[in-house]
Amino acid sequence: MQIMYRSTRSSELRVTASQAVLQGLAPDGGLFVPEKIPHFTPDWTAMAAQSYQETALQVMSLLLTDYTQEELRNCIDRAYDSKFDIPQITCLRETDGVWYLELFHGATIAFKDMALSILPHLMTTAAAKNGVTDEIVILTATSGDTGKAAMAGFADVPGTRIIVFYPKGGVSSVQERQMVTQKGANVHVVGINGNFDDAQSAVKKIFSDEKMKERMAQAGKRFSSANSINIGRLVPQIVYYFYAYGQLVKDGKVPAGEKINITVPTGNFGNILAAYYAKQMGLPVRKLVCASNENKVLVDFFRTGAYDRNRSFMLTSSPSMDILISSNLERLIYQIAGEDPQVTKKLMESLGSSGVYCITDAMKAGLKDFYGNYATQSETSDEILRVYDSYGYVIDTHTAVASRVCRKYQADTGDHTPMVTASTASPYKFARTVVCAIRPELQSKTDFELIDALHEISGTAIPQAIEDIRSAPILHRTVVDVKCNQHSREYIYGYQFYIRINGFSDHRRRSVHRLFLVPADV
Ligand SMILES: *Cc1c(COP(=O)(O)O)cnc(C)c1O
């Protein structure tokens with residue numbers, strides 16, 4: 001069955017999977033969604049015996065139907081290889097009926113590697129399939145982990161260039177160091193004086209700027225996205241929920257066909273949406289527990305049906321979840337609106353203009369698969385300590401948010417269905433908060449001393465990704481502002497930058513309200 005993709009904001013557009021991957025965002029500003037969610041109810045016992053790569057091929061070929069099996073296998077083999085530090089790519093760690101699904105064994109030690117190690121291959125394959133010879137310029141806003149994982153994936157991939165915007169001061173020191181030391185002739189890293197939402201909104205506006213698109217086309221370039229708004233990120237994320245279920249069956253922890261619950265630490269709503277798609281495809285899941293930190297806009301949304309981003313943005317110890325506009329929620333809204341693009345468009349426009357939208361009671365009924373709650377920073381630290389004291393297992397701050405919310409869910413509902421909790425980052429990435437939660441007396445140590453302390457506390461090897469940044473030179477120092485021009489349209493700009501796309505350049509810096517694209521020296 002061929003699956004086509006539509007925009008959440010108009011009924012006219014209909015593209016193949018590879019075209020959706022290439023474009024990233026739909027031209028009308030909407031997100032691409034599969035026209036139909038395919039069913040996948042395999043023989044669980046047989047699936048349990050498969051490798052990650054085999055499961056990936058099965059799941060991805062159901063959704064990316066215009067890729068041939070050979071193309072997909074090629075992409076999968078190039079993505080899920082020795083860049084991961086365990087051969088099974090991901091693994092489960094049990095603690096009393098809760099299984100932490102470790103998704104951080106890739107090159108940049110966050111779960112973003114699960115999808116971003118394959119996205120460049122899906123994208124270059126898509127370009128070849130569609131006869132696209134333009135250079136693909138990836139614009140990516142990051143709350144900390146996407147940027148590094150995307151650069152690691154795209155660095156020196158022929159025919160691509162990647163520009164990452166991260167909130168200066170809004171990411172952990174390890175995250176920042178990982179990004180600013182990134183090598184590759186085609187990578188650019190820019191800190192912005194603003195938060196993730198500022199970066200994401202600006203990037204989205206650039207994508208839907210027709211004039212910019214024209215100029216890019218003239219220069220033989222086109223934009224795409226490595227954010228989870230790209231369907232090429234979401235589809236590979238569905239795979240690990242199936243794989244994890246197979247592992248539970250294999251280990252005799254869950255009888256084949258029995259339901260599980262899934263808790264996901266959530267920011268942009270990509271990871272949990274992948275779990276929701278898995279459930280819709282047929283994975284036996286009872287509840288999807290959506291865990292937030294103190295930026296709990298989603299918790300309030302699940303409770304009231306009102307999405308309200310008008311609140312102060314909190315910088316927390318789980319920075320990759322410091323987000324007030326969860327982009328992928330649009331895909332869920334589209335579903336619960338009965339796949340009505342007009343309704344979705346109206347709600348998203350309302351979000352854009354007033355920062356608020358409210359769904360109807362009928363739509364609210366569509367949220368019954370979800371439970372939302374949040375953990376404060378002190379609850380998060382307490383949870384890291386509790387899990388360590390009880391099981392000798394060290395979890396990162398994001399996973400700790402999920403872990404704490406999982407316990408809130410179980411206490412609230414009495415539902416003790418086997419729980420898979422997505423473990424989204426290595427604790428080494430957030431060593432300061434993690435170590436201080438367990439050994440507060442080490443607070444005055446430097447970042448790298450804390451990493452060594454974490455090694456002693458956890459007994460786990462220091463990941464290569466950390467060793468790599470100890471002595472790596474800083475290669476990127478640009479920091480820019482996000483400003484509004486006279487039309488109140490936000491763009492990212494900075495004095496070191498001007499638009500320069502193969503011959504086209506605009507030096508009228510003061511009157512330039514457009515975004516720079518490439519640093520001046522490129
Ligand atoms: C990105 C990220 C999240 C949030 O995932 P979304 O798909 O944006 O909801 C959670 N934890 C970590 C460590 C991340 O990097």
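Whatever order the structure lists ligands and atoms in, that order sets their numbers, starting from 1.
- Nearest protein heavy-atom neighbour of atom 10 (C) of ligand 1: Pro265 O, 3.5 Å.
- Backbone and side-chain nitrogen or oxygen atoms of Asp145 are examined, and one is located within less than 3.5 angstrom of a nitrogen or oxygen of ligand 1.
- Listed by atom number, the atoms of ligand 1 under 4.0 Å from Gly270 heavy atoms are 6 (P), 7 (O), 9 (O).
- We find that Arg470 and Asp452 are joined by a salt bridge, their nearest charged nitrogen and carboxylate oxygen being less than 4.0 Å apart.
- If you check which protein heavy atom lies closest to atom 7 (O) of ligand 1, you get Asn271 N, 2.8 Å.
- Within the listing of ligand 1, atoms 13 (C) sit less than 4.0 angstrom from a heavy atom of Ala425.
- Among all non-hydrogen protein atoms, the one lying nearest atom 9 (O) of ligand 1 is Gly267 N, 2.8 Å.
- Taking 4.5 Å as the limit, every side-chain heavy atom of Ser320 sits out of range of all side-chain heavy atoms of Phe196.
- Within the listing of ligand 1, atoms 9 (O) sit less than 4.0 angstrom from a heavy atom of Thr266.
- Ring orientation note: the planes of Tyr357 and Phe301 are nearly perpendicular, at an angle over 60° on the 30°/60° scale.
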Is there a salt bridge (charged side-chain N to carboxylate O under 4.0 Å, His left out) between Asp447 and Arg177 once you walk through the steps? CA-CA 11 Å; Asp447 287 335; Arg177 247 193 115 76; over 6 Å; no
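- Heavy atoms of other residues, nucleotides or ligands lying less than 6.0 angstrom from OH of Tyr80 number more than 12.
- If you check which protein heavy atom lies closest to atom 14 (C) of ligand 1, you get Lys112 NZ, 2.8 Å.
- Those atoms of ligand 1 with a heavy atom of Thr424 less than 4.0 angstrom away are 10 (C), 11 (N), 12 (C), 13 (C).
- The distance from ligand 1 to the heavy atoms of Phe111 drops below 4.0 Å at these ligand atoms: 1 (C), 2 (C), 3 (C), 5 (O), 7 (O), 14 (C).
- Residue Lys296 qualifies as enclosed at atom NZ: its count of foreign heavy atoms under 6.0 Å is above 12.
- For the pair Glu330 and Arg9, the salt-bridge criterion is met [side-chain N within less than 4.0 Å of a carboxylate O].
- Scanning the protein heavy atoms around atom 8 (O) of ligand 1, the nearest turns out to be Asn268 N, 2.8 Å.
- Proximity to Phe269 (heavy-atom distance under 4.0 Å) selects the following atoms of ligand 1: 6 (P), 8 (O), 9 (O).
- Relative to the six-membered ring of Tyr371, Lys287 misses at least one condition, a distance below 6.0 Å or an angle of at most 45° to the axis.
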